[in-house]
2 protein chains.
Amino acid sequence: MTADLDAQVAARLQAAGHRFSSSRRELVEVLRQAGQPIRIVDVLDSRPHLAQSSVYRNLAVLEAAGVVRRIVTGDDYAHFELAEALTEHHHHLICAQCGTVSDVTLPAEVEHRLDAALPELAAARGFVLDHHRLDLIGRCERCTTTDR
Amino acid sequence: MTADLDAQVAARLQAAGHRFSSSRRELVEVLRQAGQPIRIVDVLDSRPHLAQSSVYRNLAVLEAAGVVRRIVTGDDYAHFELAEALTEHHHHLICAQCGTVSDVTLPAEVEHRLDAALPELAAARGFVLDHHRLDLIGRCERCTTTDR
DNA sequence: CTCAGTGCAAAGGATTTGCATGCCG
DNA sequence: CGGCATGCAAATCCTTTGCACTGAG
């Protein structure tokens, strides 16, 4: 699994004309371990020896190479996760209070409905559809129990 | 229509303990006229006499009062539109190139599927669902014709 | 050797905030 | 009058950038 992931990442980076440096390897590893979208602060916390600017720069490189996806929620911090090409299509549960983002997968049937309906909806507006994104916004368990 | 909108906005502001000042009236009017989500820069362009800080502040007040919805796309600027309570439930077409946001309505049937599926999906994760948001990301007509 | 990658510090830039003044209720 | 609203300018703070150094190929 991990070996396979490494190979895919290496291939994508190479295709984009970049190296698979140890910092980048670490970033991918942190994201893989996290299993859910995390912020750059979190990355820096778990890998204190990484320079902030390098993390920002490398995540940008990895994003451009299609290895990583940047998630902007409206929370102060952007979140990052492995791109769907390396995982699988999914959506996000976003806590409006603490900003945490976690993954959800729609029932296949619903997803199919969307895939069937969205392209023509976009086309009707002269839009070339690239992808869609569905977020469920609410309050996570921790925030509802801790209350206010 | 407009009179009705005014009344609703006034009521919501009052309920939140705020005044329906002329600046706020103008903001609502700009958003109504726009008919699609716009950025603060656009507001300032069309109403140069409004102070930037007041626009930011008032949009925050209007958002808290449930009159306005802030849309964060990942583009540099946030977009604003009238809240769904004053319009109707809809989603967004986002141009990945120029950042423009426009409204779309899903076929009722698809929307129903979502409404049926999402709550339990969220509940299964200990999440209290507030609302969902579906964005179609692609390239708008202007950007595809102008190309690159 | 060459050039991408790294780290530190400084710059950027949308948004927020402090504070004095204006104005509605 | 009292307190919210407004404007100007300054401060915030996540993110980006400049620049000199390091290291892989």
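Below, chains carry the letters A, B, ... as their sequence lines are ordered, and counting in each starts from 1.
Rounding to whole angstrom units, CZ of residue Phe20(B) and C1' of dC4(D) are separated by 16 Å. Rounded to an integer number of Å, the gap from OH of Tyr77(B) to C1' of dT15(C) is 11 Å. The CZ-P distance, from Arg47(B) to dG7(D), rounds to 14 Å in whole Å. To the nearest angstrom, P of dC14(D) lies 13 Å from CZ of Phe80(A). Atom pair Asp42(B):CG and dA14(C):P shows a separation of 13 Å (rounding to whole Å applied). With rounding to whole Å, Leu50(A) atom CG is found 15 Å from dC8(C) atom C1'. We find that CG of Leu13(A) is positioned 12 Å from C1' of dG5(C), with the value rounded to whole Å. When rounded to the nearest whole Å, the span between NE2 of His79(B) and C1' of dT15(C) equals 15 Å.
Side-chain N/O atoms of Gln36(B) and His79(B) include no donor and acceptor closer than 3.5 Å.
Closest contact between the side chain of Ser23(B) and the listed nucleotides dG7(D), dC14(D), dT6(D) involves dT6(D).
Checking the phosphate oxygens (OP1, OP2) of dA5(D), no side-chain nitrogen or oxygen of Ser21(B) falls inside 4.0 Å. Using a 4.0 Å cut-off, no side-chain N or O of His18(A) falls inside it from OP1 or OP2 of dA4(C). Look at Asn58(B) and you'll find a side-chain N or O under 4.0 angstrom from OP1 or OP2 of dT6(D).
Crowding of Gln14(B) atom CD: a count of heavy atoms from other residues, nucleotides or ligands under 6.0 Å not exceeding 12. For Glu109(B), the CD atom counts as densely surrounded, since its 6.0 Å shell holds more than 12 non-hydrogen atoms of other residues, nucleotides or ligands.
Taking a cutoff of 4.0 Å between a charged side-chain nitrogen and a carboxylate oxygen, Arg139(B) and Asp130(A) do not qualify as a salt bridge. Between Glu84(B) and Arg69(B), at least one side-chain nitrogen of the basic residue sits less than 4.0 Å from a carboxylate oxygen of the acidic one, meeting the salt-bridge criterion.
Interface residues of residues 24-37 of chain A facing DNA chain C, ordered by number: Arg24(A); criterion, heavy-atom separation under 4.0 Å.
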I'd like a table of atom pairs between the protein and nucleotides 16-25 of chain D - only N or O on both sides, under 3.5 Å - with the distance next to each one.
| from | atom 1 | to | atom 2 | distance (Å) |
| --- | --- | --- | --- | --- |
| dG18(D) | O6 | Arg57(A) | NH2 | 3.1 |

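Geometric assessment of Arg39(B) against the ring of Phe80(B) yields a negative cation-pi assignment under the 6.0 Å and 45° thresholds.
Arg125(A) places a side-chain N or O within donor-acceptor distance of the main-chain N or O of Asp103(B), the cut-off being under 3.5 Å.
Leu106(B) and Val101(B) are assigned to two separate hydrophobic clusters, defined by single-linkage of ILVMFWY side chains at heavy-atom distances under 4.5 Å.
Using a 4.5 Å heavy-atom cutoff, the side chains of Phe127(B) and Leu136(A) are not in contact.
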